[in-house]
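Worksheet: the structure to be examined is printed underneath.
Quick note: residue numbers are just sequence positions, from 1.
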Amino acid sequence: KRRSDPVAASRRGLPEALETALILGALMLGWELLARTVLAGAYALAAPSDILAQLFEDRSLYLANVGTTLWTAVQGFALGNVLAVAAALLIVQVPMLERPVFSAALAIYSLPIIALAPILMVLLDREAAMVALSALAVTFTTLISASLGLRSADPAALNVIHVLGGGSLQKLLRVRIHAAIPSLFAGLRVAAPAAVLGATVGEFMGAERGLGVLIVNALASLETVQVWTVALLATTLSSGGYLIIGWLGRALTPWVGDLPVVQTAVTGGTGGAHAPHGRHTARFLGVVALNLGVVFGGWALFIALADLNAFFAKGPADVWAFLFQAPDAATNRALVFGGLPTTLGNAALGFVAGMAAGVAAAVVFVLRPSVERALMPVAITLRSIPILATTPLVILLLGRTLTATTVIVAILSFFPTLINMVVAMRLTRRPVVEVFRVCNASRWAILWHAELPSALPALMASARIAVPSS
């Protein structure tokens, strides 16, 4: 084997390191100047120098609160991901449970935390409720990633296990879990900032200490520097988790470039593409009825079993009466559904913009790793801090316009798309890439004909994560 030249390697690494440093320096300088000039006195953006100064002056306050949020996020991250992986294993082994499990997980993930928090506060003690909110923030995203990975196992390897007399359990233990590890770690990298965000937002609802409490107090008193200091700390926690998980993923999966990548998406059900039209329609209607039964039946059953106070816990029958049986039902319907087209339109625009921005950023990051090292903290920041803290800045820059709404919604779908696409493109099989290189293909040709096609399942998984977020 040919030995690598350390001097040549360092020379090759110097331009990238210098490029990363220049981008970071320009970013910090632009941030400082923007806060000192254009946005000075606008209570929307704090200068990095002011953030560092306050962090040093009030370090004991921040240290105590960051420890609380970190412990909550770690517990929520562990609990939510264990539940997600267990659910993914269950639906792969028992396919008939796939749709009910996904329907229930999607329904919970789609609910605003502000609606879930009071119920959890009643059912659990305060600390357990914070952990539960953090766990709920990560469960659905990891469920999607783990399911995608388990279903992307090489069919040839599965057939070998089948020929040798192995059943579904042997296929799971010997093939599927091995194939799912890269996709699972991509989901865990998305989950790390989400756990911090869930813990922080949960603390809005009545915690005694934590970064969420500091943000609420800072927003109420227009302490912009404190808001952005908390944002910096939340980003630091999320970045730490992101980097640790990324390191573990690379250490545990050195073989991923040689693994066959199967173009499989999480479908939420079994086949039947060639079934007669009548059977297909009947199956579709049955699936819709099953999903509705799981969601609404589970909703009513949960309220009944938990014995929740009817003052704040409304069931499907209450909603039906509000919309169709109450004396002012017509007014209620107009109130609820009147703005629905606008909301759906805004959500669709934000969804498309966030997905497109995530794919574009992933392409840039794969082509220029130095840019990734410099700008990934910005992406993690967008995922780590509550939208309540970034909204004033977006509105100040763009006004109360459709563009501002689109940007706010796009922030929610950007990060999962970015991470899943970056990881998937880098999982492109080495032999495939080598064929293009032997043919003297350009870097763009490899990206367009090999890396992007291999990332299509990850793009579809990202879309499923982004739709309820939008």
What heavy-atom pair brings [X] and [Y] nearest, and what distance separates the two atoms?
X: L184; Y: A146; value: CD1-CB, 4.1 Å
X: A463; Y: F351; value: O-CE1, 3.8 Å
X: F140; Y: R464; value: CE2-O, 3.6 Å
X: E372; Y: V422; value: OE2-CG1, 4.3 Å
X: M121; Y: R126; value: SD-CA, 4.4 Å
X: P453; Y: L447; value: CD-O, 4.1 Å

[X] side chain near [Y] side chain, heavy-atom distance below 4.5 Å:
X: E223; Y: N217; answer: no
X: Q170; Y: L164; answer: no
X: Y242; Y: V190; answer: no
X: L133; Y: V201; answer: no
X: N420; Y: S145; answer: yes
X: L214; Y: V227; answer: no
X: L143; Y: Y109; answer: no
X: F414; Y: R383; answer: no

Can a donor-acceptor pair be found, under 3.5 Å and without considering hydrogens, that links the side chain of [X] to the backbone of [Y]?
X: E203; Y: G212; result: yes
X: T69; Y: L211; result: yes
X: S134; Y: M130; result: no
X: T141; Y: V138; result: yes
X: N81; Y: F77; result: yes
X: T20; Y: S370; result: yes
X: R176; Y: L150; result: yes
X: R59; Y: F56; result: yes

>> As a quick check of understanding, evaluate side-chain contact (heavy atoms from CB on, under 4.5 Å) for T236 and V66, giving each step before the final call.
In response: CA-CA 10 Å; T236 302; V66 88; over 6 Å; no

Distance, nearest 0.5 Å, that separates [atom1] of [X] from [atom2] of [Y]:
X: M460; Y: S462; atom1: CE; atom2: OG; answer: 8.5 Å
X: T139; Y: I144; atom1: OG1; atom2: CD1; answer: 12.0 Å
X: M421; Y: S454; atom1: CE; atom2: OG; answer: 8.0 Å
X: L70; Y: N65; atom1: CG; atom2: CG; answer: 12.5 Å
X: L197; Y: I380; atom1: CG; atom2: CD1; answer: 13.0 Å
X: L459; Y: L452; atom1: CG; atom2: CG; answer: 9.0 Å

>> Check for me whether R99 meets the cation-pi criterion with F102, that is, NZ or CZ under 6.0 Å from the six-membered ring centre and within 45 degrees of the ring axis.
In response: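 The answer is no, since R99 fails at least one limit relative to F102.
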
> Should E127 and R209 count as an ion pair when the cut-off is N to O under 4.0 Å?
Replying inline: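 Judged by the 4.0 Å cut-off on N to carboxylate O distance, E127 and R209 do not form a salt bridge.
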
>> I'd like to know if R443 and E451 make a salt bridge, using a cut-off of under 4.0 Å between side-chain N and carboxylate O.
In response: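 Looking at R443 and E451, the cut-off is met.
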
>> Restricting to side chain to side chain contact (heavy atoms under 4.5 Å, CB included), what partner residues turn up for A404, sequence neighbours left out?
In response: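 If we apply the side chain to side chain contact (heavy atoms under 4.5 Å, CB included) test to A404, skipping adjacent residues, the hits are V394, L398, T401.
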
>> Working note: L237 + L233, criterion side-chain contact (heavy atoms from CB on, under 4.5 Å); need CA distance, chi angles, decisive distance, verdict.
In response: CA-CA 6 Å; L237 294 181; L233 291 174; 5.7 Å; no

> Please walk me through it: do W228 and D50 pass side-chain contact (heavy atoms from CB on, under 4.5 Å)?
Replying inline: CA-CA 10 Å; W228 286 95; D50 292 337; over 6 Å; no

> More than 12 non-hydrogen atoms from neighbouring residues, nucleotides or ligands closer than 6.0 Å to CH2 on W31, yes or no?
Replying inline: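 Correct, the count exceeds 12.
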
>> Applying side-chain hydrogen bond (donor to acceptor under 3.5 Å, both in side chains), can you list everything that pairs with S49, at least two apart in sequence or on another chain?
In response: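 Partners of S49 by the side-chain hydrogen bond (donor to acceptor under 3.5 Å, both in side chains) criterion, ordered by chain and then number, come out as E32, R36.
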
> Q226 pairs by side-chain contact (heavy atoms from CB on, under 4.5 Å) with which of L219, I215, L55, L61?
Replying inline: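 The side-chain contact (heavy atoms from CB on, under 4.5 Å) with Q226 is passed solely by L61 among L219, I215, L55, L61.
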
> Are L120 and L136 close enough, and set up right, to give a side-chain contact (heavy atoms from CB on, under 4.5 Å), and what steps lead you there?
Replying inline: CA-CA 11 Å; L120 293 176; L136 291 174; 4.2 Å; yes

> How would you list, by chain and number, every residue that makes a ring pair (Phe, Tyr, Trp, His ring centres under 6.0 Å) with F185, sequence neighbours excluded?
Replying inline: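 Result, ring pair (Phe, Tyr, Trp, His ring centres under 6.0 Å) vs F185: none returned.
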
>> Assess the residue pair N346 and T405 against the criterion (side chain to side chain donor-acceptor pair (under 3.5 Å)); give the C-alpha distance rounded to whole Å, side-chain angles, the decisive distance to 0.1 Å, and a yes or no.
In response: CA-CA 7 Å; N346 293 340; T405 304; 4.9 Å; no

